[in-house]
Structure formats: structure tokens, C-alpha cells
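The block underneath contains the structure these notes are about, expressed in C-alpha cells.
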Amino acid sequence: MDHDSTDNPDTVRARKARRGGALDAPPEELTPPDVDPAAAGGEDEDEARLPDMLEESGAVGEGPLATGHEAIERAVRLAPTSPGVYRMLNANADVLYVGKAKNVKKRLSNYARVGAPQPARILRMIAATVTVEIVSTNTETEALLLEANLIKQLRPRFNVQLRDDKSFPYILITGDHWAPQILKHRGAQTRPGRYFGPFASAGAVNRTITALQRAFLIRSCTDSFFESRTRPCLLYQIRRCSGPCTREIDFTGYTTLVREATDFLSGKSHAVKQELAAEMEKASGELEFERAALYRDRLAALSAIQSQQGINPRTVEEADVFAIHQEGGFSCVEVFFFRTGQNWGNRAYFPRAEKTFTPEEVLGSFLAQFYDDKPPPKLILLSHEIEESELLANALSIKAGHKVEVTAPKRGEKKELVTHALTNAREALGRKLADTATQSRLLEAMAGTLSLPQPPKRIEVYDNSHIQGTNAVGAMIVAGPDGFVKNQYRKFNIKSEGLTPGDDYAMMREVLQRRFKRLLSPPEESAAKAKDDDFPQWPDLVIIDGGRGQLNAVREIFESLGLTQVSLMSVAKGPDRDAGRETLFMPDREAIKLEPRDPVLYFIQRLRDEAHRFVIGSHRKLRKKDIREAGLQEIPGIGPSRKRALLHHFGTLKEIERASIADLGKVPGVSAESARRIFEYFHPQPG
């Protein structure tokens, strides 16, 4: 689906109710030049996790069944006979279940009937209920939308939970510059231009943009970088840009390239390829073989895009395909995105649901939550018939402003697409179950090797990075039964005054104190989130990079904070820093040496290396920013505002250094006197 930003009244709404308070700023990745900096978010494509298996009983602190029936009967007396949404709450005011109904009174009466046959899940929910809250709506469609919204916000124990809060990436060809830029975009579509998507992942967008650059030679650099160029950059040299910044191509020629790219992304790929093939033949006939080779390479890039996309439907222009597979008490929903007749990627989800839910029940609840903050396409294809497909189609049609069809096809190409998605769902769940089993065996082996009371569900690994004490940063990575949990990663900019440069002990002390003081006394909303979340907030094992000295320093920190329930371990590198010869240290124990081929040692190495990778990336980002701004900090009269204006206008410190006094004076907020000072700073006169 492509559209102008002005044609889309729905912006992506962030609904993250009860989010746990961040320990510090969330992990920030370097923003590549082909990402809209105004909308860039965390680009880690976290693989979906399997939810914890829900227990059949004793999970919510049920009371007598009669107590629940009485609470629901009280609600029935006051319930309206009109559409609405009801919430069942337990004694702690936690929401157990959110439901909708065309007639709320009639629906609640079904729960209130004593002795009526009900699934065990419903009986446990009734037993835990002490009060019911009701919200009336004008229509059943409004009730459906409100129910989906509340489930995503409140994450009730007895509902199917999508457990996803990421917006999908789009490709944006900007419309606010004479030489449009192609870039990856997330979030609200407010910048002028054409948006193409959604894509299933950032990786799918990156691959497509790279191929589009080869095919259409459109720039990916920022406007400030573009304006500051005096000669073409490397992308021009390797034939991934046509060089509009230095007028290597004229306005008409660049406009033609942008039109061809827009046509290709709009579904006119066949016409674009025919046009390029004709130009290649023409150039070859005129013996301009270098130009013909350029068209040949562009055609090859277009073919590469389509080959990467795999299956491309012939009769389906725009659709999302959903297929669900259940196995071992878990559910996997595979989603394929088709736009302009092209496959723009797929993604697997593992919604949280009790194993008593049927595939139809899981899929119906999943769809309503999935489109709560995403624009629906014109066609939604399903692997199973859901009970309220017509109601869902009406709700999504109102939300999208165009007709949306929801159907489970029985034959033809649409059925083939669903079958293909179902195969992917089955394979994705099989892989996830196998990976989880392997990870569980590793954690069990680790618990045995380290004499832990039980296999750790949450492992935190800490590391520091700095250069002679400058740009010091600490980092925490997290792993669990499903591997690395990247949305739990945190970085800590070292803030303490008076630290001795290079004092790793002091830096680690600051990081751990900030981390665990927040955990010991969390904000109220963080506590609510932690109680709801199925992934533990407290670590079972903390690993640090270092030897016995680092371990003893961390042990003192933990004792000062009163932490006794967390196991500690340090990993010292082997002689000559050889991998496989590490020594493990734990409090009050002899050093542990494992065989080089021991799977537990290999697992610990992976944890340490991931922490090192993450902290080095965070440090490099700080250092890059520091280097970029260092040349401006010492100029009298140049404060943060002028510094930002200069960097925004010229792009790099090098270009500011090259600028004339006249060019410097054109920057907003920079007076003639300031321009002179900046110029003289970079060009001092002898004597």
C-alpha cells in the first residue's frame, strides 16, 4: 500500500499502558543515513518469544466459585441491554478478562448461571472475580474496537494477548526536496512524500532500499549532507546514486528516476522493466555500451528484488494473509504482507493464550488487536473461519475509511497463499519449540555446573566501555529461556563526578546501583507492569566480565543493597585472551575451569560477547557525537543552539571547517560576527 502522507488521517498511536519504567534510556542504535531521523526508533528486530505456559489452576488466587457468581449477579442487575465492554477484576483490582457483547446483560447472565456447563478456564475466571466494570458503546462495532484496545493496554490474564507494540517499517520517497530521498520510516506518517508498505521487518526494508538504489540510483543521504557536498560521495562511485548533490545528473533526469522507482513500488514493475530493457537495446544499438551496461545492471537489481520476495501473487493486489497453527499448547500466527502484487515479507507471532482456546478463538482475538494501531488493507485472508468476521470487517472498514473484506478462501490462488502461510506457521512453531528446548537444556546444564538452585529464567550480563575514562558507558544485556531478550537491553551513561579515569570498579558500582535501586523501589506503574509480564524483572544470575577482584567489588555492592537472592559470577579471559580457556569465579567457591568444548562454556562466551558487542556500539555512538561536536565547543559565543544549527546546515564538522564567512553567515542564528569567529577559529592567522 502506498499513499501520500496527507492522505492518511490515521497516525500510529502508541498504546503502552502500564509500561515498566526504563532503567535508563533504552538502547539506541546508530541511525543509518537511510532512516528518517525524526521517526527512527529502536531497529532491533526482536524475534518473538514463546509465552510462558499458563497453569491450569492456582494461577490467579481463586476464591469460592459462589463468590464469583454473586459478584457477576450484582453486575447483571445494573448491566445495560445495549452493546458494551465489560471487565472482570479480582481482589487486587487486576483485570482478569475483557469481553464485549451486543447485549451486555445477556452475556453476563451466562456467566452468572450456577451449575451451567462451562470450560475449566471460565470457571477459574469466575472464581477469581470480585467485581465487574462495564462501559456502554453505541454499536457492537465500537465495542469490538474498544475491547481490542483494552486488551492491549491491560493485558488480562484470561484473554488472548498479542504481545507486540512495534510499528511496521515503510519505505518513504520524500516530497519536500527537489531531489527526493529514499529512506526507511517508522511511526507517524507526517512528512510529505510517498509511503510504501508495510514491510514485515527492518531487514526486508533495508534489502529493498539497497536494491532500489542500484536500480534507480536515488540518493539516501540526509538533506544537510546533500547540501554540503562539493563532490560526489562513495555511493556515486559504486553506482548506487546518480549524484544529484553535485549536479552529476540534471533535474529532469533525476525526476525520471524517481518516477520509475515510484512506479515500481506502486505495482507497475513490468512496465518499468520493459522501459529499461528498451533503453538498454537502444543504447546497445547506438554502440554506447557503457550506458547499456548501466541499464543492464539496473534490470538485474530489479530482478533481485523480485527473486528475494519469493511468492508474488498474480491476482491479489493488496492483502494480509493470516494462518494459525497450534502444537504443544502453543499457537503461532504467521502474517504475510502483499502490496501492489508484491510480497513485502512475513512475520511469525506467538500470542499468549491458554491451550483450551481453539484456533478460531485465538485468530479472531489476534486480528482485532493486530489492527488496533495499524492500517488494514482491502483484503484479509484467513486460514480459519472466525465467528465474527463480518463484524470485524465492518469495524476495520470504518477505521480504514475504505471497504475491508475478511474471508477464509476455499480455492484458487488465495487459497494457495493461505496454505503457504500455514506451512510457514507450522515450521516457525516447530523451530521455536526446538530452539526453546535446546535453550532449556543449556540452562539446566548451567544450573548444574554452577550449582544454582534452579535453571535461571533471567540472566543479566554487564560490561563497561571507555577510552582513558572518556565517553564511559555501561551496558546490560538479558537472556532467558528463548535466548537474548533485546527489548530488555539497557545502556547507562556514566554520570558520577570525580571518577578516576579508567576506574572500572567505580563505573560498575554506578551501573549496578542505578539498576538495582530502581528494581528495589520501582514506580507504581512499573510494579503493575512487572506483575503482568510473563518475563521476570528480577535476574536469577548476574554475570560480569572480569576476575576475582571484579567479583568481590560487585559482591560488596550487592551486600550494601541487601541483595541476597541473586547469584553472581564473573568470567575472566584466558591466557592471551584465548576463547575456550576462560575461568569462572563465584563467591565462596574455588575457580571453575570448564573444558574448551563444553556447551555451557560456549553459552557463557556467547553471553559475554553479546554484552561486549552492545556496550562497544553504545560507546562508539557517544564517541562519534563527542568528536563531531568537539571542534565547536571551544569557540566563544557558540552555544548548543548555534552548534546544532551549524551541524544541521552543513552536516559534518569538516564541511563547517571548509565553509567561507559568507556561507557561515547564511546559517539561521549565526550573525556576521559569529561567522567571523568561527572562520578565524578554523583558519587562524599567523603571528
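Predicted, not measured: the structure shown is a model, and the values here were computed from it. Position 1 is the first residue of the sequence; numbering continues from there.
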Once rounded to the nearest 0.5 Å, what's the spacing between atom [atom1] of [X] and atom [atom2] of [Y]?
X	Y	atom1	atom2	answer
Ile238	Arg214	CD1	CZ	7.5 Å
Ile477	Arg490	CD1	CZ	13.0 Å
Ile182	Ile173	CD1	CD1	5.0 Å
Glu334	Asn424	CD	CG	5.0 Å
Ser397	His402	OG	NE2	8.0 Å
Thr208	Lys184	OG1	NZ	11.0 Å

Which atom pair, heavy atoms only, marks the closest approach of [X] to [Y]?
X	Y	value
Ala348	Cys332	CB-SG, 4.0 Å
Thr246	Glu248	OG1-OE2, 2.9 Å
His185	Tyr195	CD2-CE2, 3.7 Å
Pro169	Ala202	CG-N, 3.8 Å
Asn464	Gly474	OD1-CA, 3.5 Å
Ser465	Ile616	OG-CD1, 3.5 Å

Side chain proximity check, [X] to [Y], heavy atoms < 4.5 angstrom:
X	Y	value
Ser331	His325	no
Phe337	Val321	no
Leu382	Val406	yes
Ile171	Arg194	no
Met476	Val461	no
Pro409	Val418	yes
Thr222	Leu183	no
Phe366	Ile324	no

Contacts of type side-chain hydrogen bond (donor to acceptor under 3.5 Å, both in side chains), residue [X], not counting sequence neighbours:
X	value
Ser660	Asp663
Thr438	Arg441
Glu610	Tyr489, Arg613

Take Leu392 and Leu367 through the side chain to side chain contact (heavy atoms under 4.5 Å, CB included) test and state the conclusion after the steps.
CA-CA 8 Å; Leu392 179 65; Leu367 286 169; 3.7 Å; yes

Listed partners of [X] passing salt bridge (charged side-chain N to carboxylate O under 4.0 Å, His left out), at least two apart:
X	answer
Lys403	none
Asp250	none
Asp320	Arg339

Mind running side chain to side chain contact (heavy atoms under 4.5 Å, CB included) on Ile380 and Val404 for me, showing each step along the way?
CA-CA 7 Å; Ile380 297 174; Val404 175; 4.0 Å; yes

Going by the rule side-chain contact (heavy atoms from CB on, under 4.5 Å), which residues pair with [X] if we only count those two or more places apart in sequence or in a different chain?
X	result
Phe226	His177, Trp178, Ala179, Arg219, Cys221, Pro244, Cys245
Ile398	Thr141
Thr256	Arg259, Glu260
Thr423	Arg426, Glu427

Donor-acceptor pair, [X] side chain versus [Y] backbone, under 3.5 Å?
X	Y	result
Thr174	Gln181	yes
Gln369	Val160	yes
Lys399	Asp372	yes
Ser242	Leu217	yes
Ser228	Phe225	yes

Centroid-centroid under 6.0 Å between [X] and [Y] rings:
X	Y	answer
Phe336	Phe322	no
Trp344	Phe199	yes
Tyr170	Phe196	no

Determine, step by step, whether Glu405 and Thr407 satisfy the side chain to side chain donor-acceptor pair (under 3.5 Å) criterion, reporting the C-alpha distance in whole Å, the side-chain angles of both residues, the deciding distance to 0.1 Å, and the verdict.
CA-CA 6 Å; Glu405 181 183 357; Thr407 182; 4.6 Å; no

Salt bridge (charged side-chain N to carboxylate O under 4.0 Å, His left out) pairs touching residues 169-179, sequence neighbours excluded, are Asp176-Arg191

Please check if any side-chain donor atom of Gln153 sits under 3.5 Å from a side-chain acceptor atom of Asn149, or the reverse.
yes

With side chain to side chain contact (heavy atoms under 4.5 Å, CB included) as the test, would you mind laying out the steps for Arg606 and Phe484 before giving the verdict?
CA-CA 10 Å; Arg606 284 177 55 210; Phe484 295 116; 4.0 Å; yes

Test side chain to side chain contact (heavy atoms under 4.5 Å, CB included) on Phe370 and Val335; report intermediate values, then the result.
CA-CA 10 Å; Phe370 184 83; Val335 187; 4.3 Å; yes

Mind checking what makes ring-ring contact (aromatic ring centres under 6.0 Å, His included) contact with Tyr254, not counting sequence neighbours?
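Testing Tyr254 for ring-ring contact (aromatic ring centres under 6.0 Å, His included), a comparison that skips the adjacent residues, returns none.
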
